[in-house]
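What follows is a short report on a single structure.
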Amino acid sequence: MKKSAAGDGALGRDKGAMEDSSELLRKKREKANELKAAGVDLYPNDMRVDHTAGDLIDIYGEANGETLERLGETFRLAGRIMARRVFGKASFISIRDRKGDIQVYIRKEKIGDELYGLFRKFDIGDFIFISGSLFRTNTGELTIDADTVRLLSKCMRPLPEKWHGLTDIEARYRQRYLDLIMNPAAKETFIIRSRIIRLIRQFMMERDFLEVETPMMHPIAGGAAAKPFKTHHNTLDMELYLRIAPELYLKRLVVGGMERVFEINRSFRNEGISTLHNPEFTMMEFYLAYATYEDLMALTEEMISFVARDIFGTLQFVYQGVDIDLSPPWPRMTVKEAISAFAGISPERLDSQESALNEARRLNAPVTDADSTGKIVMAIFEAVVEEKLIQPTFITRYPVEVSPLSRRSSDNSDYVDRFELFIYGREIANAFSELNDPDDQRERFLQQVAEKESGDEEAHEMDEDYITALEYAMPPTAGEGIGIDRLVMLFTDSPSIRDVILFPHMRTKIKNA
RNA sequence: GGGCCGUUAGCUCAGUCCGGUAGAGCAGCGGACUUUUAAUCCGUUGGUCGGGGGUUCGAAUCCCCCACGGCCCA
């Protein structure tokens, strides 16, 4: 096709940066303009559908040709053209809607010369409306014999290749909409994610938990050991932090008499990005009054089993080629037992700061001379034990130094009533009997403040308001946080947290598309 | 932060070792075709080879820097 160089140049400047750089995009635009010139509205919004592709397959998937012929019913559907096989006087296309794909047979003889001529200008990627009756093709495929077809929304860019789809991992994350169009498995992952969250919500509701929403912007970033994102409120002229955990607010609610609360929502941590970490991630936290961390172990087994039974229909599944068995009860080990079992270090070696430090150094665990014994023990645990906890395992008896919000164990005040759940070497949940003694809480915060001053960026700050809340008395309570993204990874066999987050964080790219 | 790998047409990829006119399939465009389904057949367009610098008569290819991404490690 010839073009007027001068004219196109002028048009290009008018349209600025969005002017089509490639011939392919220009052609698409030309074709759209031809349709427009023929009186076709490229973006109408006056059609109603009465079925989805999935409906038709569910209802008529098994029906034979004769049955379909006798139906005499007209079905109205809409969807995106995903494939196109055009002949001179008839065509097969397949359209995709939220429930699936269905083939459509479009005949010149039936829809008329004029409409067939327009239809031939429709592209893969366009949204169209079709109505027609059902029949079976020679090869037996359930197909709609269209009596009309109409453009609903014109696609101005080519979709990725039909056979290989979109595989470039960067493009899949940056242009998730294309990933969702082209990769059914990606879409399925997010459908399952929604189902998992719905199941957890149902599980909690059935146990009389109240779902709440607490602030995302905190004047003090507390409730976890992590670096926060900082922001600023102009009118109040104050620094705020995106929350690293909802914990301290949820416990204020328990003080307020909300004996069973949960929240499923985002927390933010200003730390590294990896296959297990996204700067914003989803946690469920819940608090249950008159319960202990031991009660929560049972509840956690029940909850995760409940979800697994619904998703898999069984408690056995495969994650990344490894068999996982969620059949309760799950093994329980103390931190020291686990270190002894997996690293062969006798528990006595972990009792003194000096010998623990030696062991940590030997194992290349990241420690400093000033670290407390508890901190060193946990560094050893992380270095040598975590990755080995493949089957679901509760680890208990954490050192008090690394658990500033947990209740001290009644039989030994150096430890707290806490557990973490590991599956496939990953921390999935963290729970404890809550520290509700305001004086002890103040001491713990002071200890944290001291650690912060000596350089630990992740240590807690003093939260006087929270202590005041505790002084009004919080009932004996147990609480837990569950990493939803990691749970979804397990249940969808996803290797990276980015595969279960719709829009994972990436560096912005100057040059795009 | 460190190591390794990657970035070539709209998409999926060759070409890089060993420097010499940038290729294929799909998509697109033109034509034929009323039961195809990765439709087929004939013809055909399309590229700042991620960016910058260097070496060279000559660089997608060799060297340096940078950007973005992936995996592993910290």
Side-chain angles (χ1 to χ4, degrees), chain A residues 1-3 20-32 34 53 65 68-69 81-96 100-113 116 119-126 132 134-146 155-179 181-183 271-277 320 360 363-368 379 382-384 386-387 425 494-499 504-513:
Chain A
M1 203 160 287
K2 284 189 179 160
K3 58 175 184 179
D20 308 335
S21 50
S22 81
E23 164 142 4
L24 201 56
L25 294 187
R26 268 203 308 278
K27 275 273 196 286
K28 284 247 170 207
R29 210 161 272 280
E30 277 170 26
K31 214 168 160 188
E34 285 169 26
L68 294 174
E69 244 169 74
I81 301 176
M82 296 305 292
R84 211 169 152 261
R85 294 176 286 279
V86 177
F87 310 121
K89 295 178 181 135
S91 304
F92 288 93
I93 58 172
S94 53
I95 62 169
R96 174 170 298 170
D101 292 14
I102 194 153
Q103 181 168 259
V104 183
Y105 189 41
I106 294 170
R107 292 179 289 152
K108 192 178 199 174
E109 182 183 86
K110 186 150 188 179
I111 68 169
D113 288 8
Y116 195 75
F119 161 75
R120 290 192 61 142
K121 294 195 192 299
F122 294 0
D123 292 319
I124 288 175
D126 292 351
L134 283 172
F135 76 109
R136 249 175 223 291
T137 62
N138 288 345
T139 53
E141 181 164 350
L142 186 69
T143 302
I144 297 174
D145 186 17
C155 181
M156 304 301 279
R157 288 173 180 267
L159 290 187
E161 204 239 354
K162 63 182 169 186
W163 191 240
H164 300 94
L166 185 70
T167 62
D168 180 292
I169 200 140
E170 184 176 351
R172 290 183 52 206
Y173 295 150
R174 287 190 194 275
Q175 294 180 279
R176 183 67 89 181
Y177 46 91
L178 283 181
D179 189 30
I181 292 167
M182 299 309 299
N183 299 318
E271 293 166 0
I273 294 179
S274 75
T275 50
L276 292 177
H277 301 89
Q320 299 295 294
L363 297 162
N364 281 323
V367 289
T368 67
E382 279 170 37
V384 297
E386 277 194 14
E387 61 180 12
S494 300
S496 169
I497 198 169
R498 286 181 287 259
D499 298 326
H505 281 286
M506 310 196 92
R507 281 184 200 273
T508 48
K509 229 176 175 180
I510 315 280
K511 191 181 145 195
N512 205 358

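So you know, we letter chains A, B, ... as the sequences are listed, proteins then strands, and number each from 1.
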Among [options], the nucleotide that comes nearest once only the side chain of [X] is considered:
X        : options             : value
A:Glu109 : B:U34, B:C71, B:U36 : B:U34
A:Leu24  : B:G69, B:G10, B:U12 : B:G10
A:Lys89  : B:C29, B:U34, B:C11 : B:U34
A:Thr275 : B:C72, B:U34, B:U12 : B:C72
A:Arg498 : B:C71, B:C68, B:A39 : B:C71
A:Pro158 : B:G10, B:C33, B:G46 : B:G10
A:Thr137 : B:G70, B:C11, B:U35 : B:U35
A:Arg507 : B:U34, B:G69, B:C71 : B:G69
A:Glu23  : B:U35, B:G46, B:A38 : B:G46
A:Asp168 : B:C33, B:C29, B:U12 : B:U12

Original post:
Got a donor-acceptor pair under 3.5 Å from the side chain of A:Tyr105 to the base of B:U34?
Top reply: yes
Original post:
What about A:Glu141, does its side chain sit under 3.5 Å from the base of B:U35 through a donor-acceptor pair?
Top reply: no
With a cut-off of less than 4.0 Å, is there a side-chain N or O of [X] near OP1 or OP2 of [N]?
X        : N     : answer
A:Arg26  : B:G46 : no
A:Arg85  : B:A39 : yes
A:Thr167 : B:U12 : yes
A:Lys108 : B:U34 : no
A:Arg84  : B:G28 : yes

Could you state the [atom1]-[atom2] distance from [X] to [N], rounded to the nearest angstrom?
X        : N     : atom1 : atom2 : result
A:Arg29  : B:G28 : CZ    : C1'   : 16 Å
A:Lys110 : B:U34 : NZ    : P     : 18 Å
A:His164 : B:A14 : NE2   : C1'   : 12 Å
A:Ile273 : B:C68 : CD1   : P     : 12 Å
A:Ile106 : B:U36 : CD1   : P     : 17 Å
A:Tyr173 : B:G69 : OH    : C1'   : 10 Å
A:Tyr116 : B:U34 : OH    : P     : 8 Å
A:Asp126 : B:A27 : CG    : P     : 16 Å

Gap separating the [atom1] atom of [X] from the [atom2] atom of [Y], nearest 0.5 angstrom:
X        : Y        : atom1 : atom2 : answer
A:Leu134 : A:Thr143 : CG    : OG1   : 8.5 Å
A:Ser94  : A:Ile144 : OG    : CD1   : 11.0 Å
A:Asp126 : A:Arg84  : CG    : CZ    : 8.5 Å
A:Glu141 : A:Phe135 : CD    : CZ    : 9.5 Å
A:Ile81  : A:Arg96  : CD1   : CZ    : 13.0 Å
A:Asp145 : A:Arg107 : CG    : CZ    : 4.0 Å

Mind checking the [atom1] distance from [N] to [M]? Whole angstroms is fine.
N     : M     : atom1 : result
B:C49 : B:A22 : C1'   : 8 Å
B:C73 : B:C63 : P     : 28 Å
B:G58 : B:C71 : C1'   : 37 Å
B:U7  : B:G15 : P     : 10 Å
B:C42 : B:C5  : C1'   : 42 Å
B:G70 : B:A59 : P     : 33 Å
B:U44 : B:C26 : P     : 14 Å
B:G53 : B:G10 : C1'   : 30 Å

**OP:** Give A:Lys31 one of three labels, base, sugar-phosphate or nothing, depending on what nucleic acid heavy atoms sit under 4.0 Å from its own.
**Re:**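 Result for A:Lys31 = sugar-phosphate.
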**OP:** Give one of base, sugar-phosphate or nothing for A:Met182, where a contact means two heavy atoms less than 4.0 Å apart.
**Re:**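 Touches nothing.
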Subject >> Ring-base stacking, A:Phe92 with B:U36 (5.5 Å, 30° cut-offs) >> reply: yes
**OP:** On the 0 to 90° scale, with breaks at 30° and 60°, tag the A:Phe119-A:Phe122 ring pair as parallel, tilted or perpendicular.
**Re:**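 Taking A:Phe122 first and then A:Phe119, their aromatic rings stand perpendicular (interplane angle over 60°).
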**OP:** Given side-chain hydrogen bond (donor to acceptor under 3.5 Å, both in side chains), test A:Tyr177 with A:Gln175 step by step and report yes or no.
**Re:** CA-CA 5 Å; A:Tyr177 46 91; A:Gln175 294 180 279; 2.9 Å; yes
Subject >> Residue closer to the 5' end of RNA chain B, A:Phe87 versus A:Pro495 (nearest nucleotide) >> reply: A:Phe87
**OP:** Using the closest heavy atom to pick a nucleotide of RNA chain B for each, name whichever of A:Lys162 or A:Gly165 lands nearer the 5' end.
**Re:** A:Gly165
Given that both distances must come in under 3.5 Å, which nucleotide forms a Watson-Crick or G-U wobble pair with [N]?
N     : result
B:C68 : B:G6
B:U34 : none
B:G20 : B:C57
B:G28 : B:U44

**OP:** Grab the two heavy atoms, one from A:Asp499 and one from A:Tyr173, that are nearest each other, plus how far apart they are.
**Re:** OD1-OH, 2.9 Å
